[in-house]
Amino acid sequence: MGWLGRTLNSSIGKKTVMAVTGLSLGLFVAAHLAGLTSIFRGRVAFAAYADRLHDLALLLRLGEIFLLVVFLLHITVGLLLFLENRRAKPIRYAVRNSASGQTWGSQTMPYTGLCLLLFLGYHLASFSLNDYAPIDVLLRESLAQPATGTFYLIALLALGLHLSHGLWSSLQSLGLSHPKYDQFLESGGVGISVFITTLFSLIPILALFWPGFLG
Amino acid sequence: MTINLTLRIWRQPGPDAPGAFRTYQSGPLSTDLSFLEMLDLLNERLSLAGEEPVAFDHDCGEGICGTCGAVVNGRPHGPVERTTLCQLHLRHFNDGDTLIIEPFRARAFRIEKDLVVDRSALERIIQAGGYVSVNTGSAPEANTIPVPQPTAEAAMSSAECIGCGACVAACPNGAAMLFTGAKVSQLALLPQGQPERTRRALDMLRAMDGLGFGNCGNERECEAACPKSISIRNIARLNREFLRASFFSEEE
Ligand code: FES
């Protein structure tokens with residue numbers, strides 16, 4: 001194994017892969033959200049955004065391939081870490097009593113991750129791989145169903161939890177820590193997660209409760 | 001003041017023997033007693049009754065050697081912050097409390113007997129590079145190598161680690177990153193540590209990886225459990241040191 005293989009195979013190497021891929025996925029989520037804000041400006045604006053996106057054909061394909069690779073890396077290495085970590089603690093304590101280092105986000109990383117993976121499959125199947133109707137009709141009709149809308153909200157909660165730990169954790173894994181900025185980085189990560197989750201959640205909430213949604 | 005406690009203690013005759021909790025009534029105990037004195041009293045009683053006493057580790061009794069340690073009600077070294085088990089006193093408990101006492105648990109720490117665990121994996125990490133090579137001989141002049149006071153302070157904060165293993169015990173992943181981070185940091189921060197800095201980061205981390213410890217999940221349980229309040233900044237520094245050594249040095 002060469003030096004790169006050895007590095008990536010080490011514990012810190014794997015954490016670095018998680019951090020870099022995680023931050024890339026976070027950037028994608030932010031870009032996706034930025035595009036989707038066109039929904040709040042009505043049907044015409046949203047359809048125009050979708051059209052403009054599809055006009056990028058080649059660029060979009062390249063982006064999709066890049067994202068796929070990043071996703072696969074994040075999932076594979078994440079699973080590997082999960083299994084290794086379970087092996088490193090074969091017997092749990094009879095009583096669990098966190099000294100409050102852990103957060104909801106940090107404790108549930110593998111599970112919120114799995115939840116996001118399931119959601120991604122469903123989301124891609126119902127939108128990207130489905131072109132029997134215009135995107136705005138598709139979106140309005142599927143999200144207006146209570147079951148789908150609720151599923152989306154649950155997935156967004158998982159996203160928020162995952163990001164609330166993931167953003168800061170990625171920086172820490174990359175060694176970014178400084179007495180002057182630590183507090184800012186930590187609260188910043190949580191703040192961004194709350195912001196992203198809230199803005200995203202508005203879409204299914206509007207679809208569920210507002211008859212005029214994308215009308 | 002005296003209190004009565006119910007003690008549920010993990011009893012395990014040997015590394016490969018199955019273990020189980022046994023429950024003991026403490027009888028009246030002075031709150032001035034230390035936790036380990038309480039175990040001594042229990043052991044006296046057990047010995048007189050012809051039973052096997054509870055095996056536990058301790059040495060200095062002053063919170064500086066890192067030999068003692070057990071998990072009390074889910075917390076390594078018990079419920080009091082910045083306190084080793086040997087410095088824990090019964091005044092922190094209430095009459096009628098039940099204390100569940102378990103050994104430090106991690107795959108890298110083999111249970112020898114009852115509460116005694118083999119933490120020599122931590123020594124292996126030190127052996128891999130947690131030292132500086134110097135020519136011995138007459139003592140050098142003081143201040144031949146100037147070290148700024150803040151740097152010395154930072155290195156001292158890392159060097160406070162007593163190697164007790166509470167970080168590994170507290171970590172949900174059984175990782176030794178806080179320990180290794182502190183040991184790498186204390187030398188990386190000082191001029192004396194520079195010549196071997198790159199090699200040290202690579203070797204100590206690889207040794208750690210090979211000993212059955214888990215991976216850091218940045219859950220910060222280690223920092224909260226550490227009797228010396230070693231900060232996770234040491235882990236960030238270890239990450240930096242290792243990445244720098246891996247990607248930007250000529251060492252492999
Ligand atoms: S016995 Fe030395 S630290 Fe507790």
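Below, read A as the first sequence line, B as the second, and so on, with proteins coming before strands; counting in each chain starts at 1.
Residue A:F195 places its CZ atom among 12 or fewer non-hydrogen atoms of other residues, nucleotides or ligands, all under 6.0 Å distant. Applying the 6.0 Å contact sphere to CZ of A:F184 captures no more than 12 heavy atoms from other residues, nucleotides or ligands. Around the CZ atom of A:R92, the shell of radius 6.0 Å holds more than 12 heavy atoms that belong to other residues, nucleotides or ligands.
Interface residue A:R87: backbone and side-chain heavy atoms are both found under 4.5 Å from chain B. When heavy atoms are compared at a cutoff of 4.5 Å, A:L171 does not approach chain B at all. Both the backbone and the side chain of A:S98 come within less than 4.5 Å of a heavy atom of chain B. For chain B, the nearby part of A:H165 is the side chain; its heavy atoms alone come within less than 4.5 Å.
Within residues 205-215 of chain B, the residues having any heavy atom under 4.5 Å from a heavy atom of chain A are, by residue number, B:L205, B:R206, B:M208, B:D209, B:G212, B:F213, B:G214, B:N215. Below 4.5 Å, heavy atoms of chain A meet heavy atoms from B:P103, B:F104, B:R105, B:A106, B:R107, all part of residues 103-127 of chain B. Residues of residues 64-75 of chain A lying under 4.5 angstrom from chain B, judged on non-hydrogen atoms, do not exist.
Sequence neighbours left out, the pairs with a member in residues 2-26 of chain A that pass ring pair (Phe, Tyr, Trp, His ring centres under 6.0 Å) are A:W3-B:F247.
Interface summary for chain A: among B:R220, B:R237, B:E221, the most heavy-atom pairs under 4.5 angstrom belong to B:E221.
Contact between A:D182 and B:R233 at its shortest, heavy atoms only, is OD2-NE, 2.6 Å. Contact record, B:E219 with A:S106: OE1-OG, 2.9 Å, taken as the closest heavy-atom pair. The two residues A:G13 and B:F242 make their nearest non-hydrogen contact at N-CE2, 4.4 Å.
Side-chain atoms of B:E223 never come within 3.5 Å of backbone atoms of A:G101 as a donor-acceptor pair (strictly under, hydrogens ignored). A distance-only check finds a donor-acceptor pair linking the side chain of A:Y93 to the backbone of B:A169 [under 3.5 Å]. Of the possible donor and acceptor atoms, none in the side chain of A:K15 sits under 3.5 Å from a partner among the backbone N and O of B:G217. Remark: the backbone N or O of B:N73 is paired with a side-chain donor or acceptor of A:N97 at under 3.5 angstrom. In this structure, the side chain of A:K89 engages the main chain of B:C171 through a donor-acceptor pair within 3.5 Å.
Here the OG atom belonging to A:S10 is positioned 9.0 Å from the CG atom belonging to B:L202, to the nearest 0.5 angstrom. Separation of atoms OG (A:S11) and CG (B:N173) is listed at 11.0 Å; rounding is to 0.5 Å.
Between B:E102 and A:V95, the closest side-chain pair of non-hydrogen atoms falls below 4.5 Å. The shortest side-chain heavy-atom distance between B:M177 and A:I12 falls under the 4.5 Å cut-off. At least one side-chain heavy atom of B:I235 sits less than 4.5 Å from a side-chain heavy atom of A:Q172. A:Q102 places a side-chain heavy atom less than 4.5 Å from the side chain of B:P172.
For the residue pair B:N218/A:S173, the side-chain donor-acceptor check at 3.5 Å is satisfied.
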